[in-house]
Amino acid sequence: MCTVRESEPKTCSVCRAAQYCSQTCQKGAWKPYTDSDGVQQKGHKTECHMFKRAKEEAPAMYAIFRQFPWSCMKLKGHFNYEMFLATGNLLGDDPNLGYWQDTSKPYGKRLLAETHLSEEDGWKLPLDEIPTLTFRHRKPPARCPPSSQMQDWKSYHEWRGLPMTSPVALRLHFPLTIYHLLHLFGMTPDAHAIKRRRSMAIYCLDANNEVDFLPIFGELALLLPDTDIEMVVMCETFPATFAEAEPSALVSKPYCYEYEAPAECGGSTIRIKLVKDRGNRIYAWNRASTVTN
Ligand SMILES: [Zn+2]
Ligand SMILES: [Zn+2]
């Protein structure tokens with residue numbers, strides 16, 4: 001605990017985000033240092049530019065949030081994720097919270113189970129707010145959204161028939177960011193473009209907690225018609241998580257998740273493969289490109 005009170009509180013003049021109790025502390029925190037708990041800190045120098053960018057991008061982020069009715073849940077003027085989850089009884093590390101569970105490292109513990117969660121047990125939402133991939137109770141969406149029209153969450157929700165009250169964007173940003181990248185590369189076909197069936201490999205090189213809700217990546221098969229997708233996932237904590245995996249565990253299968261979209265949606269498939277050890281990880285890094293067609 002710092003007790004220095006020699007001057008007015010200081011704000012970093014570059015990022016305008018970091019605040020210090022004094023100029024002495026500000027100087028001391030710029031370069032790598034050891035804090036009062038004896039923990040080695042990287043220093044503000046390594047993060048200042050990220051804070052600066054985050055502040056600059058904040059207005060655009062808020063504009064995205066404002067599309068959703070649930071974004072009005074604010075604390076100190078900002079959308080508060082934890083408070084939002086808490087009001088829906090979805091906050092915490094209880095495995096029964098499904099995809100909303102606050103999983104901690106090592107990631108991937110859900111893949112030690114024998115089966116994935118059902119959509120209902122994963123999303124924990126009313127049926128009409130779930131972006132369901134199995135169409136027992138609902139009609140599938142139109143064969144892929146025209147990529148030119150998939151510019152924002154609103155158009156995604158419309159295409160998917162999901163009300164804007166559904167909070168799934170808070171998880172679906174993982175697959176939809178991949179979709180957006182493919183769009184930037186010109187690899188998202190329009191609905192009526194006649195294409196040969198194609199295969200695509202997607203490498204996720206440094207996955208984090210998204211490995212605990214991999215079934216949501218089935219969304220990519222729905223979004224990209226006539227495509228056979230192989231997604232290869234690497235995560236630093238896999239060796240630790242999977243050291244004692246049972247042969248019947250999801251992680252022990254050649255593909256830990258597989259999904260085939262309905263024929264009327266383009267019949268695309270996605271298979272997810274995990275890179276479980278460090279040797280493979282380096283091998284994969286060498287041959288990996290983010291997306292290959
Ligand atoms: Zn201080
Ligand atoms: Zn700064």
Novice: Under a 4.5 Å cut-off applied to non-hydrogen side-chain atoms, are L125 and V168 in contact?
Specialist: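 Result yes, sub-4.5 Å side-chain heavy-atom pair found.
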Novice: Which pair of non-hydrogen atoms, one from C48 and one from C15, has the smallest distance, and what is that distance?
Specialist: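 Minimum heavy-atom contact is O-CB, 3.5 Å.
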Novice: Between L133 and E119, is any pair of side-chain heavy atoms under 4.5 Å apart?
Specialist: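 Yes, at least one pair of side-chain atoms sits under 4.5 Å.
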Novice: Looking at K52, I want to see if its NZ is surrounded by more than 12 non-hydrogen atoms of other residues, nucleotides or ligands under 6.0 Å.
Specialist: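 Check fails, neighbour count at 12 or below.
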Novice: Salt-bridged, R197 to D228, with N to O below 4.0 Å?
Specialist: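 Yes, R197 and D228 are salt-bridged.
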Novice: Tell me, with the steps shown, if L176 and H180 meet side-chain contact (heavy atoms from CB on, under 4.5 Å).
Specialist: CA-CA 6 Å; L176 287 226; H180 184 63; over 6 Å; no
Novice: Going by side-chain contact (heavy atoms from CB on, under 4.5 Å), name the residues that satisfy it together with P215, two or more places apart in sequence or in a different chain.
Specialist: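 Per chain and number, P215 pairs via side-chain contact (heavy atoms from CB on, under 4.5 Å) with Y99, H116, Y257.
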Novice: Would you say P141 and C265 make side-chain contact, with heavy atoms under 4.5 Å?
Specialist: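 Counting from C-beta outward, P141 and C265 do come under 4.5 Å.
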Novice: Looking at T11 and R16, would you say the former's side chain and the latter's main chain have a donor-acceptor pair under 3.5 Å?
Specialist: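 No.
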Novice: Hey, are the side chains of P131 and L222 touching, using non-hydrogen atoms and a 4.5 Å cut-off?
Specialist: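 The answer is no, as the side chains (C-beta and beyond) never meet within the 4.5 Å cut-off.
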Novice: When you measure from the side chain of D94 to the backbone of N96, do you find a donor-acceptor pair of N or O atoms at a distance under 3.5 Å?
Specialist: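 Looks like yes, one N/O pair under 3.5 Å.
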Novice: Hey, is the main chain of S248 close enough, under 3.5 Å, to the side chain of S252 for a donor-acceptor pair?
Specialist: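 Judged by distance alone, no pair lies under 3.5 Å.
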Novice: Would a single hydrophobic cluster contain both F51 and Y33, if residues Ile, Leu, Val, Met, Phe, Trp and Tyr are joined by side-chain heavy-atom contacts under 4.5 Å?
Specialist: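 No, Y33 does not connect to F51 through the hydrophobic network.
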Novice: Measuring from atom CD1 of I202 to atom CG of L182, what distance do you get when rounded to the nearest 0.5 angstrom?
Specialist: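 I202 atom CD1 to L182 atom CG measures 5.5 Å (nearest 0.5 Å).
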Novice: Set out, in order, the CA-CA distance, both residues' side-chain angles and the distance that settles side-chain contact (heavy atoms from CB on, under 4.5 Å) for L220 and Y259, then state yes or no.
Specialist: CA-CA 10 Å; L220 287 170; Y259 170 69; over 6 Å; no
Novice: Which pair of non-hydrogen atoms, one from V211 and one from L111, has the smallest distance, and what is that distance?
Specialist: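 Here V211 and L111 meet closest at O-CD1, 3.6 Å.
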Novice: Do other residues, nucleotides or ligands put more than 12 heavy atoms under 6.0 Å from H173 NE2?
Specialist: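 Result for NE2/H173: enclosed.
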Novice: Does V233 form a side-chain contact (heavy atoms from CB on, under 4.5 Å) with K273? I'd like the steps, not just the answer.
Specialist: CA-CA 6 Å; V233 178; K273 196 176 188 169; over 6 Å; no
Novice: Should we count CD of E258 as having more than 12 external heavy atoms under 6.0 Å?
Specialist: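 Yes.
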Novice: State, without any angle test, whether E129 and T165 hold a side-chain donor-acceptor pair at a distance under 3.5 Å.
Specialist: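 Side-chain D/A pair, E129 to T165: present.
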Novice: Would you check if H44 and C12 make a side-chain contact, meaning some heavy-atom pair closer than 4.5 Å?
Specialist: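 Contact flag for H44/C12 side chains = yes.
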Novice: For residues R138 and I130, report the shortest heavy-atom separation together with the two atoms involved.
Specialist: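 Closest approach of R138 to I130, heavy atoms only: NH2-O, 2.8 Å.
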Novice: Please report the closest heavy-atom contact between A245 and A249, naming both atoms and the distance.
Specialist: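 Looking at all heavy atoms of both residues, the closest pair is CB-CB, 4.5 Å.
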Novice: Between atom CE of M200 and atom OG1 of T227, what is the distance when rounded to the nearest 0.5 Å?
Specialist: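 So the gap between those two atoms works out to 5.5 Å.
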Novice: Backbone N or O of C25 within a donor-acceptor pair of the S22 side chain at under 3.5 Å?
Specialist: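 Side chain of S22 to backbone of C25, a donor-acceptor pair under 3.5 Å: yes, one is there.
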Novice: Are V232 and Y255 joined in one hydrophobic group, where the rule is that I, L, V, M, F, W and Y side chains link up if heavy atoms are under 4.5 Å apart?
Specialist: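 Different clusters: V232 never reaches Y255 through Ile, Leu, Val, Met, Phe, Trp or Tyr contacts under 4.5 Å.
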Novice: Please report the shortest heavy-atom distance between L214 and C256, naming the atom on each side.
Specialist: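 For L214 and C256, the tightest heavy-atom pair comes out as CD1-SG, 3.7 Å.
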Novice: Are the charged groups of R160 and E219 less than 4.0 angstrom apart, N to O?
Specialist: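 Salt bridge present between R160 and E219.
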Novice: To the nearest 0.5 angstrom, please state how far the OH atom of Y179 sits from the NE2 atom of H183.
Specialist: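 Atom-to-atom, Y179:OH and H183:NE2 are 7.0 Å apart.
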Novice: Taking only Lys NZ, Arg NE, NH1 and NH2, and the carboxylate oxygens of Asp or Glu, determine whether D212 and R171 approach each other closer than 4.0 Å.
Specialist: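 Not counted as a salt bridge, because no side-chain N and carboxylate O are separated by less than 4.0 Å.
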Novice: Do the side chains of L127 and W123 join up, straight or via other hydrophobic residues, at under 4.5 Å, putting them in one cluster?
Specialist: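 Shared cluster, yes.
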Novice: Taking atom CE of M50 as the centre, report whether more than 12 heavy atoms of other residues, nucleotides or ligands fall under 6.0 Å from it.
Specialist: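 Yes, the 6.0 Å shell around CE holds more than 12 heavy atoms from other groups.
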Novice: With rounding to the nearest 0.5 Å, note down the distance linking CZ in F84 to CZ in F68.
Specialist: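 Rounded to the nearest 0.5 Å, the CZ-CZ separation comes to 10.0 Å.
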Novice: Yes or no on side-chain contact (heavy atoms from CB on, under 4.5 Å) for R110 and V251, after CA distance, side-chain angles and deciding distance?
Specialist: CA-CA 9 Å; R110 274 200 188 277; V251 58; over 6 Å; no
Novice: Going from OH on Y107 to CG on N209, what distance comes out if it is rounded to the nearest 0.5 angstrom?
Specialist: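 Going from OH on Y107 over to CG on N209, the span is 5.5 Å.
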Novice: Is any side-chain heavy atom of Q40 closer than 4.5 Å to a side-chain heavy atom of P32?
Specialist: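 Q40 reaches P32 side chain to side chain.
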Novice: Among the clusters formed by ILVMFWY side chains lying less than 4.5 Å apart, do W70 and L162 turn up in the same one?
Specialist: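 Shared cluster, yes.
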Novice: What is the distance from atom CH2 of W153 to atom CZ of F65, rounded to the nearest 0.5 Å?
Specialist: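 Taking CH2 in W153 and CZ in F65, the distance rounds to 10.5 Å.
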Novice: Classify the angle between the aromatic ring planes of F174 and F217 as parallel (below 30°), tilted (30 to 60°) or perpendicular (above 60°).
Specialist: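 Rings of F174 and F217: tilted, 30 to 60°.
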Novice: Got more than 12 heavy atoms from elsewhere within 6.0 Å of CD, E57?
Specialist: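 Yes, CD of E57 has more than 12 neighbouring heavy atoms, counting only those of other groups under 6.0 Å.
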Novice: For Q23 and K10, which heavy atoms make the closest approach, and how far apart are they?
Specialist: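 Q23 and K10 have their closest heavy atoms at N-CG, 3.7 Å.
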Novice: Where do E260 and T269 land on the side chain to side chain donor-acceptor pair (under 3.5 Å) test, with the steps shown first?
Specialist: CA-CA 4 Å; E260 184 175 351; T269 61; over 6 Å; no
Novice: What residues form a side-chain hydrogen bond (donor to acceptor under 3.5 Å, both in side chains) with T115, not counting sequence neighbours?
Specialist: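 With neighbours one apart ignored, the set is empty.
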Novice: Look at the side chain of K109 and the backbone N and O of T241, then say whether any donor-acceptor pair between them is shorter than 3.5 Å.
Specialist: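 Checking the backbone N and O of T241 against the side chain of K109, no donor-acceptor pair under 3.5 Å is found.
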Novice: Just wondering, are more than 12 heavy atoms of other shown residues or ligands nearer than 6.0 Å to CZ in R53?
Specialist: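 No.
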Novice: Please determine if R271 and E230 form a salt bridge, counting it only when a charged side-chain N lies under 4.0 Å from a carboxylate O.
Specialist: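 A salt bridge is present here (some side-chain N lies under 4.0 Å from a carboxylate O).
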Novice: Does the side chain of N208 come within less than 4.5 Å of C235's, by heavy atoms?
Specialist: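 A side-chain contact under 4.5 Å is absent here.
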Novice: Under the 3.5 angstrom rule, does the side chain of S118 hit a backbone N or O of D121 as a donor-acceptor pair?
Specialist: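 Judged by distance alone, yes, a pair lies under 3.5 Å.
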Novice: Determine whether M83 and L85 fall in the same hydrophobic cluster, where Ile, Leu, Val, Met, Phe, Trp and Tyr are linked whenever their side-chain heavy atoms lie under 4.5 Å apart.
Specialist: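 Same hydrophobic cluster.
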Novice: P167 versus L170: any side-chain heavy-atom pair under 4.5 Å?
Specialist: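 The answer is yes, as the side chains (C-beta and beyond) meet within the 4.5 Å cut-off.
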